[in-house]
Amino acid sequence: MTNASHSISLSVSADPRLARLVRMTAANVAMLSSMSVDRVEDIRMAAEEAFIYACSVRPSRELPIRFDVDAQQVCMTFELGDFDFDDAGSASETAAYADLILGAVCDSYEKRSAPSALSLTLKADV
């Protein structure tokens, strides 16, 4: 693959039943990078966990997801709008589990504020 970068946007309703759509999109995006099959599986898992977390804080609202990919990595951004991570409320249990999984699988995992977003980076291993 050349060093060209691509940006792909997906906007879906924050409904856990759509997790498969997000997971499969992430896997297809990962194929644009130099990732092994195992690393593609990591991307699928990370995308699903971030999406389920996003659904818990933005139920039934539109959820924009951006995938930025090049030969070396895939970055995913789940835009959460005006969500306050410090005031997680009912999402705290989901957040704790997502933090554990995303912290272990991603090379970089960040919760950004103003506007709120989950930002994940997974580097290629091939």
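Since we're looking at a predicted model, the values are computed, not measured.
- Between the side chains of D99 and Y53, no donor N or O sits under 3.5 Å from an acceptor N or O.
- Put simply, CD on E110 and OG1 on T77 are 9.5 Å apart, with the number rounded to the nearest 0.5 Å.
- Applying the side chain to side chain donor-acceptor pair (under 3.5 Å) rule to K123 yields no partners; only residues at least two apart in sequence or on another chain are considered.
- Partners of E79 according to the side chain to side chain donor-acceptor pair (under 3.5 Å) rule, which considers only residues two or more places apart in sequence or in another chain, do not exist here.
- Rounding to the nearest 0.5 angstrom, the gap separating the CD atom in E41 from the CE atom in M35 is 13.0 Å.
- Counting only heavy atoms from C-beta outward, the side chains of F67 and S7 never approach each other to under 4.5 Å.
- Within the 4.5 Å cutoff, side-chain heavy atoms of L118 are placed close to those of L120.
- Sorted by first then second residue, the salt bridge (charged side-chain N to carboxylate O under 4.0 Å, His left out) pairs that include residues 50-67, not counting sequence neighbours, are R66-D68.
- What you find for C55 and P16 is that their closest heavy atoms are SG-N, 3.7 Å.
- Cluster annotation: V57 and L100 are assigned to distinct hydrophobic clusters (Ile/Leu/Val/Met/Phe/Trp/Tyr, side-chain heavy-atom contacts under 4.5 Å, transitive).
- Closest heavy-atom contact between A30 and V40: CB-CG2, 4.0 Å.
- Under a 3.5 Å cut-off, the side chain of D70 and the backbone N or O of S33 do not form any donor-acceptor pair.
- Residues Q73 and L122 fail the side-chain proximity criterion, which asks for heavy atoms closer than 4.5 Å.
- L63 has its side chain within reach of L80: a pair of non-hydrogen atoms, C-beta onward, lies under 4.5 Å apart.
- Both L102 and Y97 are part of a single hydrophobic cluster, where members link through side-chain heavy atoms under 4.5 Å apart.
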Q: For D107 and T121, run side-chain hydrogen bond (donor to acceptor under 3.5 Å, both in side chains): C-alpha distance rounded to whole Å, both residues' side-chain angles, the deciding distance at 0.1 Å, then the answer.
A: CA-CA 6 Å; D107 292 297; T121 301; over 6 Å; no
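- Side-chain contact between D82 and S116: absent, with no pair of heavy atoms (C-beta onward) separated by less than 4.5 Å.
- A distance of 7.0 Å separates OG of S113 from CG of D84, quoted to the nearest 0.5 Å.
- Atom CZ of R39 is separated from atom OG of S34 by 12.5 Å, given to the nearest 0.5 angstrom.
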Q | S119 vs Y109, side chain to side chain contact (heavy atoms under 4.5 Å, CB included): CA-CA, chis, key distance, verdict | A | CA-CA 6 Å; S119 178; Y109 166 54; over 6 Å; no
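- The closest side-chain heavy-atom distance from M45 to I101 is below 4.5 Å.
- L21 and F78 fall within a single hydrophobic cluster, where Ile, Leu, Val, Met, Phe, Trp and Tyr are joined by side-chain heavy atoms under 4.5 Å apart, directly or via other members.
- The CZ atom of R44 sits 5.5 Å away from the CZ atom of R23 when rounded to the nearest 0.5 Å.
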(Q) Pair F51, V12 - check side chain to side chain contact (heavy atoms under 4.5 Å, CB included), show working. (A) CA-CA 10 Å; F51 180 70; V12 296; 3.6 Å; yes
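- Under a hydrophobic-cluster definition in which Ile, Leu, Val, Met, Phe, Trp and Tyr are linked whenever side-chain heavy atoms come within less than 4.5 Å, directly or via other members, M24 and L18 are assigned to different clusters.
- Within the 4.5 Å cutoff, the side chain of I43 has heavy atoms near those of the M76 side chain.
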